[in-house]
Enquirer: 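Input: one structure, supplied below.
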Amino acid sequence: MKKLPRNGFDFTNKVVLVTGGSSGIGRAASLLFARSGAKVVIGDINPAGAETVETIKSENGEAIFVQADVREAEQVQNLVVTAVRTFGGLNCAFNNAGVLPPMAPLVNLEESTFDQTFAVDVKGVFLAMKYEIQQMLQTGSGAIVNNASIAGVIGERGISA
């Protein structure tokens with residue numbers, strides 16, 4: 001699998017955790033990390049992450065899938081522990097898990113929709129960072145990238161949650 005991308009990044013023997021790695025940007029990032037030499041841990045509520053792992057393995061890369069809901073502290077902690085137990089550490093995290101709730105004006109938005117959006121998009125990042133940082137402090141290094149859509153910085157009609 002060791003085919004460096006055009007950008008030339010080398011993640012050889014680095015352990016990278018990707019939340020929300022089953023599809024979209026998370027899947028693309030997982031594949032790019034693996035193609036750059038990383039050992040990839042995909043954490044997602046969506047079991048399609050196992051397919052991403054199979055793609056990585058078919059290209060001679062190393063990866064595992066851990067079904068995890070970023071809204072649940074125990075599951076996020078287990079995700080980090082599993083990464084360390086499987087590959088011996090955690091060098092980098094790409095926190096990408098997120099939801100896009102139904103488009104609706106604020107006055108029509110259900111409170112439960114807001115609660116779910118906040119739990120995944122805010123609390124999920126908090127929990128991921130909490131346990132990733134704990135591990136990185138033990139080893140003295142690491143890097144974390146938190147991904148968000150443009151909706152996180154620019155308001156748009158119908159994206160009230």
Side-chain angles (χ1 to χ4, degrees), residues 1-2 4-5 7-57 59-101 114-154 161:
M1 176 154 229
K2 186 65 171 148
L4 289 181
N7 61 24
F9 291 119
D10 186 0
F11 282 84
T12 302
N13 295 321
K14 301 295 184 190
V15 180
V16 179
L17 183 141
V18 179
T19 66
S22 290
S23 61
I25 292 170
R27 176 180 163 80
S30 296
L31 293 171
L32 184 61
F33 280 124
R35 289 175 181 147
S36 299
K39 298 172 184 179
V40 180
V41 179
I42 297 172
D44 202 310
I45 197 168
N46 180 351
E51 295 170 19
T52 305
V53 167
E54 290 309 312
T55 300
I56 291 169
K57 287 181 176 180
E59 297 179 19
N60 297 318
E62 294 183 68
I64 62 167
F65 171 71
V66 179
Q67 192 162 13
D69 184 340
V70 295
R71 299 173 295 182
E72 302 294 331
E74 271 186 37
Q75 292 184 37
V76 177
Q77 185 175 27
N78 178 60
L79 177 61
V80 172
V81 166
T82 302
V84 172
R85 189 178 324 128
T86 304
F87 293 124
L90 180 62
N91 304 104
C92 180
F94 182 63
N95 296 320
N96 178 70
V99 294
L100 180 60
F114 174 82
D115 289 343
Q116 177 185 343
T117 304
F118 195 85
V120 174
D121 294 355
V122 179
K123 181 182 177 187
V125 174
F126 161 77
L127 289 172
M129 289 180 63
K130 174 182 175 73
Y131 296 109
E132 293 159 357
I133 290 170
Q134 284 178 3
Q135 175 58 38
M136 291 174 182
L137 285 172
Q138 289 180 25
T139 59
S141 68
I144 298 173
V145 174
N146 296 318
N147 190 32
S149 76
I150 193 69
V153 279
I154 296 175

Enquirer: For the backbone of V99 and the side chain of D121, can you confirm whether one donor and one acceptor N or O come within less than 3.5 Å of each other?
Expert: yes
Enquirer: By side chain to side chain contact (heavy atoms under 4.5 Å, CB included), which residues pair with F126, not counting sequence neighbours?
Expert: K130
Enquirer: Might you point out which heavy atoms bring V15 and F87 nearest each other, and give the distance in Å?
Expert: CG2-CB, 3.5 Å
Enquirer: Could you state the interatomic distance from OG1 (T19) to CZ (F94), rounded to the nearest 0.5 Å?
Expert: 8.0 Å
Enquirer: If you compare all heavy atoms of L79 against all heavy atoms of G43, which two are closest, and at what distance to 0.1 Å?
Expert: CD1-CA, 3.7 Å
Enquirer: Compare all side-chain heavy atoms of V70 with those of V120 and state whether any distance is below 4.5 angstrom.
Expert: yes
Enquirer: Give me the atom names and distance for the closest heavy-atom approach of Q67 to P47.
Expert: NE2-CD, 3.8 Å
Enquirer: Return all side-chain donor-acceptor pairs below 3.5 angstrom for residues 132-140, not counting sequence neighbours, or 'none' if the list is empty.
Expert:
from	atom 1	to	atom 2	distance (Å)
E132	OE1	N95	ND2	3.0
T139	OG1	M136	O	3.2
T139	OG1	S141	O	3.4

Enquirer: Between D44 and S22, is there a donor-acceptor pair closer than 3.5 Å when you use the side chain of the first and the backbone of the second?
Expert: yes
Enquirer: Testing the basics here: between I64 and T82, what is the closest heavy-atom pair and its distance to 0.1 Å?
Expert: CD1-CG2, 3.8 Å
Enquirer: If you take all heavy atoms of A34 and V40, which pair is closest and at what distance?
Expert: N-CG2, 3.7 Å
Enquirer: Just jot down the side-chain hydrogen bond (donor to acceptor under 3.5 Å, both in side chains) partners of D69, sequence neighbours excluded, or say none.
Expert: R71
Enquirer: Of all residues at least two apart in sequence or in a different chain, which pass the side-chain hydrogen bond (donor to acceptor under 3.5 Å, both in side chains) check with N147?
Expert: N96
Enquirer: Counting heavy atoms not belonging to Q75, are there more than 12 under 6.0 Å from its CD?
Expert: yes
Enquirer: Got a second to check how far L17's CG is from C92's SG, nearest 0.5 Å?
Expert: 9.0 Å
Enquirer: For the pair N13 and K39, evaluate side chain to side chain contact (heavy atoms under 4.5 Å, CB included) and give the outcome as yes or no after the intermediate values.
Expert: CA-CA 6 Å; N13 295 321; K39 298 172 184 179; 4.0 Å; yes
Enquirer: Mind checking the CD-NZ spacing from Q116 to K123? Nearest 0.5 Å is all I need.
Expert: 12.5 Å
Enquirer: Got a sec, which pairs hit ring pair (Phe, Tyr, Trp, His ring centres under 6.0 Å) with one end in residues 19-43, sequence neighbours left out?
Expert: F11-F33
Enquirer: Show me the donor-acceptor pairs, under 3.5 Å and distance only, between side chains in residues 23-31 and residues at least two apart or in other chains.
Expert:
from	atom 1	to	atom 2	distance (Å)
R27	NH1	T52	OG1	2.8
S30	OG	G26	O	2.9

